[in-house]
2 protein chains.
Amino acid sequence: MIVLAQTKNPNPEDFPSEINGLRMTRQRREVLATLLAERDHPTANDVFLRAQKRMPTISLATVYNCLEALVSHNLVKQVNFDRDSSRYCPNLSDHCHFQDESSGKIHDIGFKDGVNLTDLLDLPEGTQINHLEISLKGTFGKS
Amino acid sequence: MIVLAQTKNPNPEDFPSEINGLRMTRQRREVLATLLAERDHPTANDVFLRAQKRMPTISLATVYNCLEALVSHNLVKQVNFDRDSSRYCPNLSDHCHFQDESSGKIHDIGFKDGVNLTDLLDLPEGTQINHLEISLKGTFGKS
DNA sequence: ATCAGGAATTAGAATAATTCCAAATTTTCA
DNA sequence: TGAAAATTTGGAATTATTCTAATTCCTGAT
Ligand SMILES: [Mn+2]
Ligand SMILES: [Mn+2]
Ligand SMILES: [Zn+2]
Ligand SMILES: [Zn+2]
C-alpha cells in the first residue's frame with residue numbers, strides 16, 4: 001500500500017504477492033498499475049482498453065472483478081458522479097472529487113488541514129460513518 | 001416553492017399552475033405530492049407505485065419525465081448512493097444524506113450552523129461550484 | 001366555443017453499465 | 001505430483017434509465 005503510491009509508473013511485477021490481504025494476481029497487478037500510471041479517474045472500460053495494451057488477453061469481466069477486489073481491499077477508491085459509470089482512483093489519501101464541467105476532467109480535492117467533516121454535520125450521538133463520498137461539479141479555477 | 005414544503009400532505013390540486021418556471025401538469029403535481037407526503041427518499045419506481053394509487057393511468061415513463069423536470073427546476077433533489085437507483089428528496093434546504101446500513105433508511109443531515117463546506121476544501125481560486133452531493137453510510141445513532 | 005400548435009403523456013423498444021454463469025485455466029499446498 | 005481452491009474468461013442476463021413515435025392534452029388566439 002505504501003510502496004504503491006510511491007512511484008509514478010510502477011512495474012506490475014514489483015508489487016508484493018499480497019497487499020491488504022488480497023492476492024496480487026497478474027491481472028490485478030496490471031489493473032492496479034494502469035490506475036497508478038495515469039491518475040485521471042478512468043472508467044472500468046477505460047482501464048480495460050489501457051490494460052489490454054500490455055496484456056492483450058485480459059477480459060472486461062476480469063477488469064470488473066479486479067476493480068471490485070481492489071476497492072473492497074481498500075487499494076483503490078470507486079468514484080461516482082450521479083449516474084455516470086463509476087470511475088476509479090488510486091489516491092488513498094482523504095480527498096473528494098470535483099468534475100470540471102467544461103473539460104469533463106475530474107480533480108482530486110484535499111481538505112484544508114485541521115478540519116474533519118464530521119465537525120460540520122449534524123449527526124446524532126453514536127453515529128458511525130463507514131463510507132463517505134463527496135462529489136462536486138462546476139468550473140474549476142486555474143492550475 | 002415556499003407553499004410546497006409547508007404542509008405535510010398537500011393536495012396536488014392546490015399547487016400553483018407554474019412553479020420555478022415549470023408548468024405544473026396533473027402528473028407533475030401528483031409526483032411532487034407523492035414525494036412531499038412520505039419523505040423517505042423513494043426511487044422512481046417507488047414513486048410510480050405510490051402515485052398509481054391516486055392516478056391509476058400514470059406511466060413509469062411519465063414518472064421519470066416528471067422527476068427529471070422537477071429536479072431540473074430545483075423543486076426536488078436527486079440523491080445517489082454509489083450505483084443504486086436514484087432516489088428523490090423534496091427537502092430543499094441545504095443537507096446531505098446518510099444511509100443506515102442496518103435499516104437501509106436514508107436520513108437528511110443538516111450542517112451545523114455557521115459552517116460552509118467550501119471553507120474546508122482545498123479548491124483553487126475562482127472555482128465555481130454548481131452542484132454538490134455528500135453521501136454517507138454507516139450506523140445511525142439514536143433518534 | 002373552436003381550432004391549431006405546442007407540450008406532455010404513454011407503451012413499449014432500446015441502451016448500456018454491471019453482474020452473473022459455467023467452463024477453462026491457473027495457483028496453492030499437502 | 002495431484003487434488004482443491006481461486007481466478008479468469010466469454011458470453012448471456014439483468015435492470016435502471018432513456019429513447020421513440022404515436023396519442024392526448026393544453027393553451028391562447030380567433
Ligand atoms: Mn448529484
Ligand atoms: Mn461510494
Ligand atoms: Zn481521486
Ligand atoms: Zn434529503
Side-chain angles (χ1 to χ4, degrees), chain A residues 12-13 15-34 41-52 54-73 75-88 106, chain B residues 12-13 15-34 41-52 54-73 75-88 104 106 135:
Chain A
E13 289 104 65
F15 295 146
S17 72
E18 183 175 317
I19 316 181
N20 281 12
L22 179 69
R23 276 184 50 204
M24 291 307 286
T25 64
R26 219 156 55 83
Q27 287 83 348
R28 286 171 187 164
R29 284 169 216 272
E30 199 56 59
V31 165
L32 181 52
T34 299
H41 303 88
T43 63
N45 196 59
D46 292 337
V47 172
F48 172 55
L49 296 174
R50 292 176 196 176
Q52 238 181 353
R54 310 186 82 227
M55 186 184 278
T57 59
I58 198 172
S59 75
L60 179 57
T62 296
V63 170
Y64 272 103
N65 289 342
C66 291
L67 289 170
E68 136 75 15
L70 292 167
V71 167
S72 69
H73 288 76
L75 297 172
V76 161
K77 288 177 171 160
Q78 188 167 359
V79 176
N80 297 293
F81 277 91
D82 297 319
R83 307 273 317 145
D84 294 348
S85 345
S86 285
R87 297 170 173 278
Y88 297 87
I106 291 169
Chain B
E13 290 104 65
F15 295 146
S17 72
E18 183 175 316
I19 316 182
N20 281 13
L22 179 69
R23 274 184 52 203
M24 290 308 285
T25 63
R26 218 157 55 84
Q27 286 83 348
R28 286 171 187 164
R29 283 169 216 272
E30 199 56 59
V31 166
L32 181 51
T34 300
H41 302 88
T43 64
N45 195 61
D46 293 337
V47 172
F48 172 56
L49 296 174
R50 293 177 195 176
Q52 236 181 356
R54 310 187 81 226
M55 185 184 278
T57 59
I58 198 170
S59 76
L60 179 57
T62 296
V63 170
Y64 271 103
N65 289 342
C66 292
L67 288 170
E68 137 74 16
L70 293 167
V71 167
S72 69
H73 288 75
L75 297 172
V76 160
K77 288 179 172 160
Q78 188 167 3
V79 176
N80 297 293
F81 277 92
D82 295 322
R83 308 270 321 145
D84 294 348
S85 343
S86 284
R87 296 170 172 279
Y88 296 87
I106 292 169
S135 309

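A, B, ... follow the sequence lines: proteins, then strands. Residue 1 opens every chain. Excluded from the calculations below are hydrogen atoms, water molecules and symmetry mates; all remaining heavy atoms, backbone and side chain alike, are included.
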Value in whole Å for how far the [atom2] atom of [N] lies from [atom1] of [X]:
X: B:Asp82; N: D:dT15; atom1: CG; atom2: C1'; value: 17 Å
X: A:Tyr64; N: D:dG11; atom1: OH; atom2: C1'; value: 15 Å
X: A:Met55; N: D:dT7; atom1: CE; atom2: P; value: 15 Å
X: B:Leu67; N: D:dA16; atom1: CG; atom2: P; value: 15 Å
X: A:Phe48; N: C:dA17; atom1: CZ; atom2: P; value: 13 Å
X: A:Glu30; N: D:dT7; atom1: CD; atom2: C1'; value: 16 Å

*Determine the minimum heavy-atom distance between A:His73 and A:Asn20, stating which atoms define it.*
O-ND2, 2.9 Å

Of all the nucleotides listed ([options]), which has the minimum atom distance to the side chain of [X]?
X: B:Thr62; options: D:dT18, C:dA17, C:dT10; answer: C:dT10
X: B:Thr25; options: C:dA8, D:dT8, D:dT9; answer: C:dA8
X: B:Ser85; options: D:dT17, C:dA8, D:dT8; answer: D:dT17
X: A:Leu60; options: C:dT18, D:dT8, D:dG10; answer: C:dT18
X: A:Thr57; options: D:dT17, D:dT9, C:dT10; answer: D:dT9
X: A:Cys66; options: D:dT8, D:dT9, C:dT18; answer: D:dT8

*Residue whose closest nucleotide on DNA chain D lies nearer the 5' end, B:Ala61 versus B:Arg83*: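 Of the two residues, B:Arg83 wins.
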
_Looking at A:Arg26, I'd like to know if its CZ atom is crowded, meaning that more than 12 non-hydrogen atoms belonging to other residues, nucleotides or ligands lie closer than 6.0 Å._
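Atom CZ in A:Arg26 is not packed in, count stays at 12 or less.
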
*Looking at CG of A:Asp82 and CD of B:Gln78, how far apart are the two atoms once the value is rounded to the nearest 0.5 Å?*
6.0 Å

*If you measure from SG on A:Cys66 to CD1 on A:Ile58, what distance do you get to the nearest 0.5 Å?*
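So the gap between those two atoms works out to 5.5 Å.
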
*Check the side chains of A:Thr62 and A:Asn65 for a donor-acceptor pair under 3.5 angstrom, ignoring hydrogens and angles.*
no

*Mind checking B:Thr43 for me? I need base, sugar-phosphate or nothing, with any heavy atom below 4.0 Å counting as a touch.*
nothing

*Looking for any heavy atom pair under 4.0 Å, which part of the strands does B:Asn65 touch: base, sugar-phosphate only, or nothing?*
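Counting heavy atoms under 4.0 Å across all strands, the contact made by B:Asn65 includes a base.
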
*Could you tell me whether the phosphate oxygens of D:dC25, OP1 or OP2, come under 4.0 Å of any side-chain nitrogen or oxygen in B:Gln27?*
no

Please enumerate all protein N or O atoms sitting under 3.5 Å from an N or O of nucleotides 26-30 of chain C, with distances to 0.1 Å.
unit_1 : atom_1 : unit_2  : atom_2 : d
C:dT27 : O3'    : A:Arg23 : NH2    : 3.1

*Are B:Phe81 and B:Ile106 close enough that some pair of their side-chain heavy atoms sits under 4.5 Å apart?*
yes

*Within the distance-only criterion (no hydrogens, no angle test), does the side chain of A:Arg29 pair as donor or acceptor with the backbone N or O of A:Met24 below 3.5 angstrom?*
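Yes: the side chain of A:Arg29 pairs with the backbone of A:Met24.
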
